[in-house]
Amino acid sequence: MLIEQPPRLLRLLYPRALWRVENAEQAVFLTFDDGPIPEVTPWVLDVLDHYGVRATFFMVGDNIRKHPEEFREVVRRGHTIGNHTFHHISGHIHGDYHFTTDVEECQQIIDRGIRSVLPDFRRGDAELPLFRPPHGWMKRKQYHYVAERYRVIMWDLVTRDYSRNLNAKDVVCNVRRYARNGSIITFHDSLKSIGKLRTALPAAIEWLRAEGYTFRTL
Ligand SMILES: [Zn+2]
């Protein structure tokens, strides 16, 4: 429970971050962390296309560097991209300068990559890029730094698709148990998750759809 649906107290640690979207009647927000990788991301894109779902991908800069074609395909298919640091580093074990530099390095490769697909891409004046901290932790100063420059997106529901102790059914159960209006739902397009996602992702989408939810991007 503590992991799947973060309690209020934890949410207060980062008061300017978004944990759940208010006033999102019958809508949920699917997010995928840690890609893009060729073994998983293209498959996820095909599943999302099959159901007509748009999602938000929090990407690792180094994976974008290694797999630029997979990155571009996510952009081409109309999904939203967020920053998940360049090297997937945790704020609590890295210094502030190291952490914020890694965040900026990731944003540079994201913006360059988006422009290689959409040359006219520009963010509106008030529109901040999206950021999600790896493992969900940042030190105080790091949080203040990113909250000034990014829209910090946490989550309302972690499916724990990465866990070795869970199977695909457990992942779907987590979605059924904790999804609610405005939920930001976290999956991973990673090697740890793919074994479960092959059945859990279509099943979760079908269940959410049958419950009347629509799917929106952040
Ligand atoms: Zn991550």
Side-chain angles (χ1 to χ4, degrees), residues 2-6 10-11 13-14 17-20 29-45 48 55-68 70-71 74-75 79-96 98-110 113 129-139 142-143 145-147 149-166 170-171 174-175 178 183-197 200-201 204 217-218:
L2 210 74
I3 299 177
E4 288 88 353
Q5 195 137 65
L10 185 62
R11 296 176 194 229
L13 272 182
Y14 307 129
L18 188 65
W19 295 84
R20 181 184 174 196
F29 300 77
L30 301 191
T31 65
F32 294 86
D33 290 5
D34 298 356
I37 57 168
E39 298 89 341
V40 184
T41 310
W43 178 84
V44 169
L45 291 178
L48 295 178
T56 306
F57 288 77
F58 288 92
M59 294 186 176
V60 173
D62 202 39
N63 283 339
I64 300 174
R65 180 186 66 79
K66 287 188 277 195
H67 311 298
E70 283 72 16
F71 172 87
V74 179
V75 178
H79 302 286
T80 301
I81 313 289
N83 181 328
H84 200 45
T85 74
F86 199 90
H87 295 100
H88 201 264
I89 58 172
S90 296
H92 66 284
I93 54 171
H94 286 88
D96 299 340
H98 186 149
F99 183 80
T100 54
T101 307
D102 211 73
V103 171
E104 295 306 341
E105 202 184 336
C106 183
Q107 195 56 45
Q108 283 169 16
I109 200 167
I110 288 175
L130 308 182
F131 175 74
R132 171 177 282 169
H135 311 295
W137 292 109
M138 290 169 282
K139 291 202 276 266
Q142 297 164 350
Y143 163 67
Y145 178 93
V146 291
R149 295 162 178 83
Y150 293 84
R151 230 172 119 214
V152 180
I153 309 291
M154 303 301 281
W155 49 79
D156 187 47
L157 158 53
V158 180
T159 60
R160 295 184 67 208
D161 54 349
Y162 54 79
S163 172
R164 274 196 211 166
N165 303 322
L166 265 56
D170 299 324
V171 170
N174 281 337
V175 173
Y178 296 110
S183 277
I184 298 170
I185 303 177
T186 298
F187 294 96
H188 294 78
D189 46 335
S190 72
L191 294 175
K192 283 185 200 159
S193 299
I194 183 63
K196 280 152 269 179
L197 286 188
L201 183 59
T217 55
L218 289 154

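Start at 1 and go down the list; that is how both ligands and their atoms are numbered.
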Practice problem: List the steps, then state whether side chain to side chain contact (heavy atoms under 4.5 Å, CB included) holds for Asp102 with Phe86. | Solution: CA-CA 5 Å; Asp102 211 73; Phe86 199 90; 3.5 Å; yes
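Ring geometry for Tyr150 versus Phe131: interplanar angle of 30 to 60°, hence tilted.
Distances shorter than 2.8 Å separate the Zn ion (ligand 1) from the protein N/O/S atoms Asp34 OD1, His84 NE2, His88 NE2.
Between the side chain of Ser183 and the main chain of Ile185, no donor-acceptor pair closer than 3.5 Å is present.
With sequence neighbours left out, the side chain to side chain donor-acceptor pair (under 3.5 Å) criterion links Arg151 to no other residue. Listed by chain and residue number, nothing satisfies the ring-ring contact (aromatic ring centres under 6.0 Å, His included) test with His67 (two or more places apart in sequence, or in another chain). For Tyr143, there are no side chain to side chain donor-acceptor pair (under 3.5 Å) partners, not counting sequence neighbours.
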